[in-house]
Amino acid sequence: MKPHNPNRVPKDVYLSFVSSLSGNRMTLLAGVIVHSATFLAVAAKTGSPVYIFLAVAVIVVFCARMAIFRLFDKVDKEKLSFAEIERWEKILVVGAAGITTLLGIGSGYAIFFTRDSFAELACIAVTMATMVSVVGRNYGSRMAVDLQTFSCCLPMIICSIMTLDFYRGILSVFLIPFWLTTRAMATGVREFLYENVIARREIASIADRFDTALNNMPHGLVMVDEENRIQVINRKACELLKIGAPDRLKDRDLGAVLRYGARYSFMDASQPELILRQLTQVAEGSLSRTLIHFPEGLSLEFSASRRADGGAVLIFEDVSSRVKAEQKILHMVRFDALTGLPNREYFGHRVQDYLARHSKKRGPLGFMILDIDEFKHVNDMRGHVTGDHLLCAIAMRVKEMAGNAIVGRLMGDQFILFFPHARDRQVLDADIRKLHAAIQGQYEVDEVTFLVSLSAGYAVLESDAFAMDEWSVKADLALFESKSRLKGGISGFEREMDGRYIEQQKLKADLREAVAANALHLAFQPMFKADGTRIECAEALARWVHPEKGSIPPDVFIRLAEEMGIISQITRFVLFKACEECMSWPDHIAVSVNLSARDLRDADILSVVSDALAHSGLEASRLHLEITESSLIDEPAVVRAILAELRSRDITIAIDDFGTGFSSLSYLDTLPLDIVKIDRSFVRNIVEDTRRLKLLRGTVHLARELGLKIVVEGVETPEQLALLNKHRSTDLVQGYVFSPPVPSKEIGILSHALNRRTAPRRRSKVA
């Protein structure tokens with residue numbers, strides 16, 4: 001790169017070159033002394049006053065130059081333009097050229113006028129030495145080099161030629177290549193320095209950019225040599241490891257720096273060696289990267305690579321946020337979001353982990369399933385928010401009372417517990433039952449007190465017999481046994497339960513086949529007027545006679561059908577069959593069919609009822625549909641709409657088993673009802689218990705005030721019937737006092753018999 005034109009040279013470089021013209025002032029002082037002394041010596045030798053004048057002139061020019069230098073020093077060089085720098089260059093060059101001009105004149109005068117060998121030698125020697133120094137002092141300005149060499153050589157060349165001496169002329173001509181050589185040397189020095197200045201600037205710029213990038217990168221970086229001495233470290237590395245400032249760590253041993261950090265910052269004492277060891281493993285390729293957890297929630301991920309010179313580069317970043325996010329996701333995957341308990345899958349992992357860690361330990365283990373009784377009522381009556389709060393409260397109490405047992409949420413309102421090794425079976429059995437008793441009782445949630453009971457089933461087996469799936473089935477069987485006996489009870493698994501379970505599964509399969517083959521049949525229990533003179537309606541009751549087991553109780557196979565999801569198929573069969581049978585009865589007798597909760601979950605029941613009526617030809621007014629209070633809990637708005645539609649078609653709607661459900665009275669005013677069937681539990685003790693009679697009469701009075709017809713179920717004795725008639729507490733009676741369930745053909749026979757019995761009474765009244 002050749003700076004031919006100052007305007008093509010960066011301003012600061014050009015200024016540095018011009019400033020060099022005023023530098024090295026001590027050499028100028030030495031030169032002035034030598035020049036003046038030389039001229040005075042020549043004056044003393046030759047007696048010429050010219051050299052005295054030249055000596056004085058050198059001193060005057062030197063003083064002028066010093067004054068110019070001081071003025072230049074006072075200038076604010078940052079504000080100088082290219083033109084102003086160029087003007088100062090000319091001023092400084094003129095001062096330098098003044099000295100060389102005086103030297104050239106002194107040498108030329110000695111050659112042509114004095115003809116003294118000493119004068120010639122002294123003046124030419126000093127002049128030539130000064131020309132050589134021009135390269136070292138004035139390389140920064142081509143103008144200075146040209147003007148000073150020209151002003152030195154030209155007087156000597158002219159005076160040598162003027163002597164008309166051939167040899168002197170030849171020597172004077174040799175000054176021209178000397179001039180050119182000096183000029184070329186100065187140019188070479190100037191270009192070399194210019195290129196180095198530019199290169200140094202570029203290197204500094206690159207280094208500055210590298211330093212900026214290094215210290216602003218989000219990763220920590222440490223570069224070490226083969227002896228683990230720090231060569232490069234950025235600010236991020238120092239911040240993450242809290243080991244001081246980067247400029248203080250150069251050439252320090254990395255291990256010593258880390259140990260210092262462990263001593264005076266947050267690191268654990270073992271972590272420096274861990275970092276160095278894993279750095280070595282990563283650098284050797286045995287690890288691609290490694291994650292190290294520090295105190296204060298800091299997690300750093302390290303990677304390293306070996307350099308060709310034996311050193312290594314260690315890069316690490318703060319992944320604390322990522323680790324926390326992963327831990328949060330892992331927690332969400334493993335734990336139930338509502339209760340904070342392990343979910344079913346993670347519960348299984350924890351149990352398996354426990355068994356793996358205690359594989360050699362022997363002793364009984366326990367496995368229990370808890371089920372909150374009637375929890376759905378809480379959601380329906382108090383809302384899901386309160387239900388969730390209650391579920392959390394129960395989960396917290398279970399966890400507190402469980403001790404060293406592993407607790408998890410199985411699903412919905414069920415919890416699962418694993419009890420680790422105990423001393424003996426009896427102790428573990430007692431602990432499980434004690435826990436079950438402790439978690440039942442009152443819970444205060446949202447300013448409401450709930451009396452909560454939990455049904456439980458558990459299994460206790462030896463550890464070598466443990467299998468998660470098998471134990472879960474056994475505990476489920478025990479839970480089923482407990483719920484079938486008494487709500488809030490607890491049952492331990494017994495081997496007989498396996499047999500009952502297998503038997504039940506076989507019974508379900510047989511029931512499915514029977515329903516598919518329409519192998520069920522119907523019995524009908526008539527509803528009589530209170531005085532027993534007339535049958536108004538007959539309730540259709542499904543019956544199943546198993547080919548091997550004989551008659552299966554309705555409460556058994558109906559419950560199985562609901563569990564299997566085939567209850568709607570039974571309802572369809574009963575509807576079609578009941579409507580057909582009713583067509584064979586006297587016109588005043590209606591038929592009543594029970595609908596299940598599943599039947600009322602969607603509007604399909606509307607089409608089923610319509611099809612049954614159309615298929616049989618039965619009038620809609622002769623069909624009664626009975627619903628239970630439990631069927632109203634799931635989706636009351638949907639049920640209400642379906643019942644309203646059925647009633648609009650002239651179908652009679654009755655609520656069955658009234659008084660056994662949850663908040664019974666609230667339904668009487670809100671549902672489209674025609675009949676209330678009072679449950680047999682109201683009638684059982686009315687003869688002996690006057691309070692029961694009062695309760696029955698009050699319920700009847702309320703229903704009649706709402707315009708509803710009353711049917712009392714389960715009337716078995718004449719005393720009960722007499723008491724009901726005495727207080728006019730019913731419109732129709734259904735029970736063994738008049739008739740048990742009978743086949744369809746018996747309904748017509750009973751009706752004709754009643755007609756014959758009451759005919760004489762009617763004739764006698766007419767007579």
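Computed from a predicted structure; not experimentally measured. Side chains included, hydrogens not; waters and symmetry mates left out as well; all remaining heavy atoms used.
Between Ile490 and Met368 there is a side-chain heavy-atom pair separated by less than 4.5 Å. Counting only heavy atoms from C-beta outward, the side chains of Leu390 and Phe375 approach each other to under 4.5 Å. For the pair Leu541 and Pro554, the minimum side-chain heavy-atom distance is 4.5 Å or more. When side chains are defined from C-beta on, Leu613 counts as touching Ile651, because their heavy atoms get closer than 4.5 Å. For the pair Asn518 and Phe573, the minimum side-chain heavy-atom distance is below 4.5 Å. Side chains of Glu619 and Asp650 form no contact here, defined as non-hydrogen atoms less than 4.5 Å apart. The closest side-chain heavy-atom distance from Phe682 to Glu713 is not below 4.5 Å. For the pair Thr730 and Val700, the minimum side-chain heavy-atom distance is 4.5 Å or more.
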request  = Give the intermediate values and the outcome of side chain to side chain contact (heavy atoms under 4.5 Å, CB included) for residues Ile627 and Leu600.
outcome  = CA-CA 9 Å; Ile627 61 170; Leu600 294 169; 3.6 Å; yes

query = When you look at Leu575 and Ile605, which way does the side chain to side chain contact (heavy atoms under 4.5 Å, CB included) test go after all the steps?
reply = CA-CA 10 Å; Leu575 269 171; Ile605 190 62; 4.3 Å; yes

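To the nearest 0.5 Å, atom CZ of residue Arg697 and atom NE2 of residue His727 are 5.0 Å apart. Interatomic distance, NZ of Lys399 versus CD1 of Ile394, reported as 16.0 Å (0.5 Å rounding). Rounding to the nearest 0.5 angstrom, the gap separating the CG atom in Leu410 from the CG atom in Asp476 is 7.0 Å. Atoms CG and CZ, on Leu507 and Arg512 in that order, are 12.0 Å from each other to the nearest 0.5 Å. Separation of atoms OG1 (Thr699) and CD1 (Ile710) is listed at 9.0 Å; rounding is to 0.5 Å. Atom CD of Glu581 sits about 14.5 Å away from atom CZ of Phe576, to the nearest 0.5 Å.
Residue His521 places its NE2 atom among more than 12 non-hydrogen atoms of other residues, nucleotides or ligands, all under 6.0 Å distant. Summarising the local packing, NE2 of His615 is surrounded by 12 or fewer heavy atoms from other residues, nucleotides or ligands at distances under 6.0 Å.
Here the side chain of Asp679 pairs a donor or acceptor atom with the backbone of Ser681 at under 3.5 angstrom. His436 places a side-chain N or O within 3.5 Å of a backbone atom of Leu454 that can act as its donor or acceptor partner. Formation of a donor-acceptor pair under 3.5 Å by the Ser455 side chain with backbone atoms of Gly488 is found in this model. Although no hydrogens or angles enter the test, the distance criterion places no donor-acceptor pair under 3.5 Å between the side chain of Arg344 and the main chain of Gly408. No donor-acceptor pair closer than 3.5 Å links the side chain of Asp413 to the backbone N or O of Asp371. Side chain of Asp599 to backbone of Ser596: a donor-acceptor contact under 3.5 angstrom is found. One N or O on the side chain of Arg622 and one on the backbone of Cys582 form a donor-acceptor pair closer than 3.5 Å. Side-chain atoms of Ser648 come within 3.5 Å of backbone N or O of Glu645 as a donor-acceptor pair. Proximity of a side-chain donor or acceptor of Arg409 to a complementary backbone N or O of Ala337 within less than 3.5 Å is not detected. Without hydrogens or angle criteria, Ser482 side chain to Ala478 main chain gives no donor-acceptor distance under 3.5 Å.
The existence of a salt bridge linking Asp555 and Arg559 is excluded, since no basic side-chain nitrogen approaches an acidic carboxylate oxygen closer than 4.0 Å.
Here the closest heavy-atom approach between residue Leu522 and residue Ala578 is recorded as CD1-N, 3.7 Å. Phe528 approaches Leu754 most closely through the heavy-atom pair CE2-CD1, 3.5 Å. The shortest heavy-atom contact between Val683 and Gly714 is CG1-O, 4.4 Å. The shortest non-hydrogen separation linking Arg647 to Pro672 is CD-O, 3.4 Å. Residues Val445 and Ala393 come closest through the heavy atom pair CG2-CB, 4.1 Å. Ala459 approaches Lys474 most closely through the heavy-atom pair CB-CB, 4.1 Å.
For the residue pair Asp656/Thr628, the side-chain donor-acceptor check at 3.5 Å is not satisfied. Side-chain N/O atoms of Asp373 and Ser453 include a donor and acceptor closer than 3.5 Å. Side-chain polar atoms of Gln442 and Thr449 form no donor-acceptor pair below 3.5 angstrom. For Asp604 and Ser607, the side-chain atoms include no donor-acceptor pair closer than 3.5 Å.
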Hey, can you pull the donor-acceptor pairs under 3.5 Å for the side chains in residues 732-740, sequence neighbours left out?
from	atom 1	to	atom 2	distance (Å)
Gln734	OE1	Lys677	NZ	2.9
Gln734	NE2	Gln525	OE1	3.3
Gln734	NE2	Glu539	OE1	2.7

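A cation-pi geometry, defined here as NZ or CZ lying under 6.0 Å from the six-membered ring centre and within 45° of its normal, holds between Arg397 and Tyr443.
Taking the six-membered ring for Trp and thresholds of 30 and 60 degrees, Phe524 and Trp585 have ring planes more than 60 degrees apart, a perpendicular arrangement.
With sequence neighbours excluded, the residues that form a side-chain contact (heavy atoms from CB on, under 4.5 Å) with Asn725 are Ala530, Leu721.
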